[in-house]
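Written out below as structure tokens is the structure these notes cover.
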Amino acid sequence: MDNSYLIKTDELVKIFPMGKSKITALNHVNLQFKKAEFSGLVGPSGSGKTTLLNIVGSLDSPTEGSATVMGRKIEDLSHKQGAELRNRHIGFIFQTFNLLPVYTVFENVEFPLLLLGLSAQERKKKVMKALEWVQLADRVKSKPAQLSGGESQRVAIARAVVKEPKIILADEPTANLDAENSHNILRTLEKINRELETTFIFATHDEKVIRYLRRKITLIDGKVARDEVFENPVGKGEGQ
Amino acid sequence: MIKFILKGILRDRSRSLFPVLVVAIGVFLTVLFYSYMGGVMTSFLDTSAKFDTGHLKIMSRAYAENSDQMPNDLAYIGVERLMNELKKDFPGYVWTKRIRFGGLLDVPDDSGETRAQGPVAGLALDLFTPDSLEWKLLGIKDSIVQGNAPEKPGEILISDEFAKRLGISPGETVTLIGSTMYGSMAAANFTVAGTVHFGITALDRGAVVADVTDIQMALDMEDAAGEILGFFDNFVYREEEAGLAALKFNVKYEGEKDEFSPVMMSLHEQGGMIDMMGMINLYLPVLVIVFVIIMSIVLWNAGLIGSLRRYGEIGVRLAMGESKGHLYRSTIIESIFLGVIGTVIGTALALVIAFWLQEKGFNISQMMQSSTLLMNDVIRAKVTPMSFVIGFIPGLLSNVFGSSIAGIGIYKRKTAQLMKELEV
Ligand SMILES: Nc1ncnc2c1ncn2[C@@H]1O[C@H](COP(=O)(O)OP(=O)(O)OP(=O)(O)O)[C@@H](O)[C@H]1O
Ligand SMILES: [Mg+2]
């Protein structure tokens with residue numbers, strides 16, 4: 001196994017039982033992702049994008065084959081080891097932001113650090129740094145309900161990057177945002193990708209997102225149909 | 001992390017309110033019931049001690065065996081000598097002799113014919129010795145309804161209820177018909193000085209209170225008395241000490257061994273007291289357990305609804321790398337906090353009412369119509385240190401229990417499923 005890959009799947013199969021029949025969500029997927037990739041899974045609805053992200057994020061396990069993330073085989077991890085892997089190395093960004101409504105912006109971003117057991121001082125430093133990344137340092141005391149959609153998603157990004165994970169998985173991060181906010185967020189994510197060398201995997205239908213990608217993997221019926229690399233993505237520098 | 005949980009509880013009122021409310025109500029009922037039972041017990045013991053058992057009671061062996069029949073033919077003879085010995089041997093106590101007797105009270109009209117007649121339960125006690133403790137003990141002066149307290153031999157008190165029923169008023173002469181210690185018929189005239197109401201239904205139905213010397217004469221019981229009661233000189237009953245005193249006395253008089261030799265019994269050794277206390281000690285835990293079960297079921301359901309509402313939060317926390325065990329523990333910690341808050345509120349409310357009941361009392365004479373218990377009609381709660389802590393048993397147990405079962409759902413559900421629900 002080549003250790004330069006952060007993520008590697010081997011003949012990955014995921015089958016969901018559906019009553020008497022079965023749905024093959026992933027059908028022998030072989031993919032590798034290196035450090036600092038800015039890549040995306042595209043494809044029609046139901047093609048298996050979310051399923052693949054969930055397995056890579058150790059939220060779900062393969063039916064067959066193997067997925068290796070940061071040198072650990074997902075199929076062999078206990079629930080606790082999976083949580084540990086997510087906690088240390090993986091950040092998630094969702095379509096629906098999923099901020100914790102009763103907590104402030106600061107506390108939402110701080111939460112992953114609480115799980116890591118960092119001191120209050122360290123937490124504060126890291127949270128402020130993450131909020132500066134997304135230009136929300138002045139909103140620490142706000143509650144999610146007081147934020148716009150774009151701001152909410154930026155808080156969610158801060159929450160994902162605050163522990164400086166090796167990998168960020170973003171499932172339709174712009175689906176609930178308008179064009180301007182989408183570009184804004186993508187530029188932020190790209191900056192994080194460049195400066196922290198974080199590996200990004202998106203799952204998206206959104207053309208705006210796709211134009212930023214340096215690697216586009218097209219899934220169709222759970223299979224990798226195309227795997228394209230763009231040295232100079234079209235989206236780069238757009239909308240500035 | 002604890003701080004994080006606390007913030008969540010305090011800010012999300014809609015989530016916290018229901019469990020706190022349920023716990024508070026259950027705890028409220030438990031604490032109130034506990035304090036109420038404490039009051040009932042105390043009042044019951046207190047009344048029993050004053051009117052019947054004393055803290056210690058001395059009877060002849062034979063009398064003790066049939067004491068509920070007031071067998072004055074078996075009364076102890078040699079009371080004065082024995083009381084002198086008691087004073088010497090048991091300095092921390094005060095002693096008083098009593099005779100309980102049954103009989104008929106006959107009210108004659110002007111021509112001496114019977115106008116009215118009724119059975120009475122008589123209590124003869126020391127009314128005329130200057131330092132007699134009976135006045136204070138039974139609160140006789142405060143209990144007088146009509147007329148006056150007896151001032152000289154030959155004067156008695158009868159219960160007000162009885163007086164009304166038989167149409168007797170103070171100043172009238174009545175005849176007590178009973179039997180002497182030796183079994184022959186006795187009749188003696190008394191003047192009704194006044195009527196009393198003790199507030200104890202069992203007594204107020206047909207009581208006659210007379211001086212013990214008068215009754216000794218009337219019933220031919222010279223230097224004899226059915227019972228000698230002893231009280232701690234500060235009137236606070238101490239179970240163990242009383243037991244030891246009884247033991248000491250009984251060892252001393254063991255040698256006499258005939259059926260007229262005296263025996264001493266402490267309050268809790270007499271007439272079903274042990275059963276009564278045992279019953280109460282049994283009821284309380286049963287009640288607490290019932291509350292725990294009911295509240296647990298309610299809180300379990302509340303917890304289920306709560307965690308349904310919080311699927312989003314649960315999913316995100318799992319995605320962020322929190323383990324299910326950690327998440328589960330944090331729900332338990334949360335439930336402990338909510339349990340404590342609810343318990344404190346419930347206990348505080350219950351104590352307010354219990355204190356009020358303790359001070360003001362609550363009249364239950366309506367419910368006591370057919371009672372034969374020597375129990376005061378006014379029920380008072382009793383607030384003890386235990387009242388402050390007992391609520392934590394149902395309060396904490398039920399909430400922790402309820403959310404523990406509700407939280408099992410977190411374990412049962414696949415992480416991916418939780419994430420799926422998150423995306424809707
Ligand atoms: N938990 C599940 N149980 C049953 N079937 C599932 C489950 N999760 C996904 N599937 C099925 O697996 C297939 C792939 O689903 P997936 O969510 O990965 O698609 P997707 O590419 O993310 O689609 P979209 O673009 O709509 O988000 C679909 O047919 C879906 O119905
Ligand atoms: Mg999807």
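In what follows, chains carry the letters A, B, and so on, assigned in the order in which the sequence lines appear, proteins first and then strands, with residues in each chain numbered from 1.
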### Message
Rounded at 0.5 Å granularity, tell me how far CE in M1(B) sits from CG in L115(A).
### Response
5.5 Å
### Segment of S78(A) engaging chain B (4.5 angstrom heavy-atom cut-off)
neither
### Message
For the NZ atom on K143(A), are there more than 12 heavy atoms of other groups (residues, nucleotides or ligands in this structure) within a distance under 6.0 Å?
### Response
yes
### Query
If you count the non-hydrogen atoms of other residues, nucleotides and ligands that lie under 6.0 Å from CZ in F291(B), is the total more than 12?
yes
### Minimum side-chain heavy-atom gap L318(B)-H79(A) below 4.5 Å
yes
### Message
Please identify, among K80(A), K163(A), E107(A), the residue contributing the most non-hydrogen atom pairs under 4.5 Å to chain B.
### Response
E107(A)
#### Entry: Contacting region of R88(A) [heavy-atom separation from chain B under 4.5 Å]
neither
### Summary
Heavy-atom nearest pair, S323(B) first then A83(A), reads CA-CB, 3.7 Å
#### Entry: Crowding at CH2, W300(B) (>12 non-hydrogen neighbours, <6.0 Å)
no
### Message
Is the shortest side-chain heavy-atom distance between R86(A) and E322(B) below 4.5 Å?
### Response
no
### Beyond-backbone contact of F97(A) with V316(B), side-chain heavy atoms, under 4.5 angstrom
no
## Note on the structure
The residue among N98(A), V102(A), L100(A) that forms side-chain contact (heavy atoms from CB on, under 4.5 Å) with E313(B) is L100(A)
## Note on the structure
One should read off an interatomic distance between K7(B) NZ and Y103(A) OH, to the nearest 0.5 angstrom, of 8.5 Å
#### Entry: Contact winner vs chain B - R159(A), E172(A), E110(A), heavy-atom pairs under 4.5 Å
R159(A)
#### Entry: Over all atoms of both residues, closest heavy-atom pair of F94(A) and A319(B)
CZ-CB, 3.7 Å
### Euclidean distance, L116(A) CG relative to M320(B) CE, rounded to 0.5 Å
11.0 Å
### Message
Surrounding CG of D221(A) (heavy atoms of other residues, nucleotides or ligands, distance under 6.0 Å), is the total greater than 12?
### Response
no
